[in-house]
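Some notes on the structure that comes next.
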Amino acid sequence: MAPTNDGSAKKVMNKGAWTEEEDKKLSQYIEIHGAKRWTAVAVKAGLNRCGKSCRLRWLNYLRPDIKRGNISDAEEDLILRLHKLLGNRWSLIAGRLPGRTDNEIKNYWNSHLSKKINHKEKALEVTTSKETMPEKLLDIVQGDIEDVKEIGNSKANFDAN
DNA sequence: AAATATTACAACCGCTACTAT
DNA sequence: CATAGTAGCGGTTGTAATATT
């Protein structure tokens, strides 16, 4: 811990897996002061971590509204559909799956779904059949697809510009 | 039962976008 | 308007857990 350093600029930060104690410090600090100003959070929470690391930990793990546990069939189906529509825009996809994070979905895609990519056509055909999708979810997807297309398009336009 | 391979996931890194000065 | 600092994104990696031989 401790200041450790001589005058020269860089502190050596912790890296790698978070300990329970670090988690606790981080959540406690954030509950009081909010999830903003990550560099300050890192320092003031007494964590020898960079802000970026704290942010990631909070967003992907500690944040209270995170849904844990396995991706349901319905969620998987939604991921497949959205990915077909959006490509690797994980954050956008995650936005349509309450409680799931971009990182989690990206991971899920890379490990579970990329092997299904071998039977890609089959998988996508299945997901386009409405019967396999619960009504509620279907509404969500269809409602959002317009939004999402717009976002996609405007980005494309911007890029092309 | 041990050794080795595979899988799954948390966390990192570099880059870009956004915001404020 | 330019520039600096911060937040966010997505690719990639390290490794712990699990499966296979």
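Residue numbers start from 1 in every chain, and the chains themselves are labelled A, B, ... in the order their sequence lines are given, proteins ahead of strands.
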- When we call it a touch if two heavy atoms are under 4.0 Å apart, what does A/G51 touch: a base, just sugar-phosphate, or nothing? nothing
- Task: Name the nucleic acid region contacted by A/R37, choosing base, sugar-phosphate or nothing; use a 4.0 angstrom heavy-atom cut-off, strictly under.
- Result: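 A/R37: backbone/sugar contact only, no base atoms under 4.0 Å.
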Please tell me if [X] has a side-chain N or O lying less than 4.0 Å from either OP1 or OP2 of [N].
X	N	value
A/R49	B/dC12	yes
A/S111	B/dT7	no
A/R89	C/dG10	no
A/H112	B/dC9	yes

Whole-Å distance between [N] [atom2] and [X] [atom1]?
X	N	atom1	atom2	result
A/L59	B/dA11	CG	C1'	13 Å
A/R100	B/dC9	CZ	P	10 Å
A/W38	C/dT6	CH2	C1'	12 Å
A/L86	C/dC9	CG	P	14 Å
A/H83	C/dG10	NE2	P	10 Å
A/I30	C/dA7	CD1	P	11 Å
A/N60	C/dG8	CG	C1'	11 Å
A/K36	C/dG8	NZ	C1'	11 Å

- Query: Is there a donor-acceptor pair under 3.5 Å between the side chain of A/R68 and the backbone N or O of A/Y61?
  - Reply: yes
- Query: Would you find a donor on one side and an acceptor on the other, under 3.5 Å apart, between the side chain of A/E76 and the backbone of A/D73?
  - Reply: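 Checked: no pair found.
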- Task: Assess A/R100 against A/Y108: is NZ or CZ under 6.0 Å from the centre of the six-membered ring, and within 45 degrees of the ring's axis?
- Result: no
- Decide whether a cation-pi geometry holds between A/R49 and A/W18; the criteria are a distance under 6.0 Å from NZ or CZ to the six-membered ring centre and an angle within 45° of the ring axis.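 That pair qualifies as a cation-pi contact.
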- Determine, for A/R81 against A/D77, whether the closest basic-nitrogen to carboxylate-oxygen distance falls under 4.0 angstrom.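 Between A/D77 and A/R81 there is a salt bridge, with a charged N closer than 4.0 Å to a carboxylate O.
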- Message: Can you see whether A/E22 engages A/N14 through a side-chain donor-acceptor pair at a distance of less than 3.5 angstrom?
- Response: yes
- Query: How about A/L59 and A/T101: do any of their side-chain heavy atoms sit closer than 4.5 Å?
  - Reply: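 With C-beta onward as the side chain, the pair stays apart.
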- Between A/W90 and A/W109, what is the ring plane arrangement, given parallel below 30°, perpendicular above 60°, and tilted in between? tilted
- Taking the side chain of A/S53 as its heavy atoms from C-beta onward, which of B/dA11, B/dA8, B/dC12 lies nearest to it?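 That would be B/dC12.
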- Among B/dC12, C/dA7, C/dC9, the one nearest A/K15 by side-chain distance: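 Nearest to the side chain of A/K15 among the choices is B/dC12.
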- Query: Considering residues, nucleotides and ligands other than A/K67, do more than 12 of their heavy atoms fall under 6.0 Å from its NZ?
  - Reply: yes
- Under a 4.0 Å heavy-atom criterion, the protein footprint on nucleotides 11-17 of chain C, written with B, S and -, is BB-----
- Message: Working note: A/I30 + A/W38, criterion side chain to side chain contact (heavy atoms under 4.5 Å, CB included); need CA distance, chi angles, decisive distance, verdict.
- Response: CA-CA 10 Å; A/I30 286 177; A/W38 290 105; 3.6 Å; yes
- Note on the structure: Within residues 64-72 of chain A, the residues having a heavy atom closer than 4.0 Å to DNA chain B are none
- Query: Which sits closer to the 5' end of DNA chain B, A/K52 or A/W18, going by the nucleotide each is nearest to?
  - Reply: A/W18
